[in-house]
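Just follow the structure's listing: the first ligand is 1, and inside any ligand the first atom is 1. All values below come from the heavy atoms of this structure, side chains included, with hydrogens, waters and symmetry mates left out. Note that the numbering runs from 1 along the sequence shown for the chain.
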Amino acid sequence: MNVGERHFRTIWLAGDGRSVEIIDQRWLPHEFRVVTLKTVDEIATAIRDMWVRGAPLIGVTAAYGVAMHMLDDASDAALDNVWSHLHETRPTAINLRWALDEMARTLKPLPIEERAAAAYARAAEIADEDVELNRAIGRHGLTLIRQIAASKKPNEPVNILTHCNAGWLATVDYGTATAPIYLAAEEGIPVHVYVDETRPRNQGAQLTAWEMAGHGVPHTLVVDNAGGHLMQHGMVDMVIVGTDRTTAQGDVCNKIGTYLKALAARDNAIPFYVALPSPTIDWTVGDGVKEIPIEERSGDEVSLVWGKTAAGDVVQVRISPDATPAANPAFDVTPARLVTGLITERGVAEASAEGLKALFPERA
Ligand SMILES: CSC[C@H]1O[C@H](OP(=O)(O)O)[C@H](O)[C@@H]1O
């Protein structure tokens, strides 16, 4: 892949027609490493250890994992086993379950001998569908940015704060929260993005900042705790974030710290939008705070940080005493009452059961 391109697809079929190639995001922004995943176990490792991450991309990667397994064993038992094996890699992003369910729905009715080819075809379709969903999210979100831009002085940028990485690196392309930003920048609307570093994995500092730089979008990296201050001082016009699972009543599960941004936005009357494709909606869940499983990751992700030395070596260093335990809940839930709107591929929905059913009447 040409690193200089503004856009990449984050996952693609390898030349052997069996494996997939992905960007190992753990090394960004310091190194652009493409790795080949040849087996379901490698797919599971890549998801669990966040070589690939982001709800939509996790789902697509798992879909290809199912396809790989069908080449070896396309029995019903194998399909059930690979569903479970991949589903247990990360518990919060609903796109993982959605993609695995979609593969099972596609393959179960087929004769065993047809399943492998059908699995690769469906995985590729899911990947292509993700790109189109995100482009549509971009178009609907662009309308919101245009509205704010209309109230600004000429050449005064729309200041957008985002948390974590809901960019093209979290999807197959375009991203969710970043799609409106990219379209606005490409339309010539002055935008500036405050990028939350997003401890502990620093997806903002390492991934979103890298994306913004690659797109030429003016941006400023800030510590997670600066957002409230920026909002209090009129430096933020809107917040756009992604989500790993949004409930049928509009509660939003996203990277840890999102809830705090939503509280600060509400306290400062700043619009707080969440961008998501419909596979990220969990129609089976109402109360997100009570019902969404929050992934607890290793405390080492809090105590150890990655960086690049002056000599150019990428290393990990400890920032706390060896004996200090660390808790690391990876997500939190923002109640719907704090969400201004949900930017979906069908338009902007009010964050409520009624608002979502108005856009998705088939779910009424
Ligand atoms: C478009 S989904 C992006 C979503 O995924 C991230 O989580 P992780 O990096 O742990 O996979 C984060 O919550 C982003 O908002």
Inset, instruction - Calculate, to the nearest 0.5 Å, the distance between atoms CD1 and OG1 belonging to I58 and T92 respectively. - result: 9.0 Å

Inset, instruction - Examine the proximity of ligand 1 to T280 and report which part, side chain or backbone, both or neither, has a heavy atom under 4.0 Å away. - result: neither

Legend entry - Check: G54 N/O within less than 3.5 Å of ligand 1 N/O: yes

Inset, instruction - Would you check whether N165 has a nitrogen or oxygen atom less than 3.5 angstrom from a nitrogen or oxygen atom of ligand 1? - result: no

Legend entry - Test: D101 and R105 ion pair at under 4.0 Å: no

Legend entry - Interatomic distance, W210 atom CH2 to H215 atom NE2 [nearest 0.5 angstrom]: 9.5 Å

Legend entry - Which segment of K255 sits under 4.0 Å of ligand 1 when only heavy atoms are counted: both

Inset, instruction - Run the numbers for me: atoms of ligand 1, each under 4.0 Å from some heavy atom of A55, listed by number. - result: 2 (S), 5 (O)

Legend entry - Ligand-side contact atoms (ligand 1) for residue partner M50, heavy atom cut-off under 4.0 Å: 9 (O), 10 (O)

Legend entry - atom 15 (O) of ligand 1 [closest protein heavy-atom partner, distance rounded to 0.1 Å]: N254 OD1, 2.5 Å

Legend entry - Those atoms of ligand 1 less than 4.0 Å from some heavy atom in R53: 6 (C), 9 (O), 11 (O)

Inset, instruction - Could you grab the distance from atom CG of L207 to atom SG of C164, nearest 0.5 Å is fine? - result: 7.5 Å

Legend entry - Numbered atoms of ligand 1 (with element) below 4.0 Å of Q203, judged on heavy atoms: 8 (P), 9 (O), 10 (O)

Legend entry - Where ligand 1 meets R90 - atom numbers and elements under 4.0 angstrom, heavy-atom basis: 8 (P), 10 (O), 11 (O)

Legend entry - Shortest protein heavy-atom distance from atom 12 (C) of ligand 1, along with the residue and atom involved: C164 SG, 3.4 Å

Legend entry - Carboxylate-amine/guanidinium proximity below 4.0 Å for K308 and D313: no

Legend entry - Protein residue, atom and distance nearest to atom 7 (O) of ligand 1, heavy-atom basis: D244 OD2, 3.4 Å

Inset, instruction - Check each atom of ligand 1 against the heavy atoms of T243 and keep those under 4.0 Å away; list them by number with element. - result: 2 (S)

Inset, instruction - Examine distances only and state if a side-chain atom of E42 and a backbone atom of K38 form a donor-acceptor pair shorter than 3.5 Å. - result: yes

Legend entry - Interatomic distance, L107 atom CG to W83 atom CH2 [nearest 0.5 angstrom]: 14.5 Å

Inset, instruction - State the CG-CZ distance between L304 and R318, to the nearest 0.5 angstrom. - result: 4.5 Å

Legend entry - Part of R201 within contact of ligand 1 (heavy atoms, under 4.0 Å): neither

Legend entry - Those atoms of ligand 1 less than 4.0 Å from some heavy atom in P56: 1 (C), 2 (S)

Legend entry - Salt-bridge criterion met for R346 and E362 (N-O under 4.0 Å): yes

Inset, instruction - Evaluate ring pair (Phe, Tyr, Trp, His ring centres under 6.0 Å) for F360 paired with W283, printing each intermediate quantity in order. - result: CA-CA 11 Å; F360 299 92; W283 299 97; 5.7 Å; yes

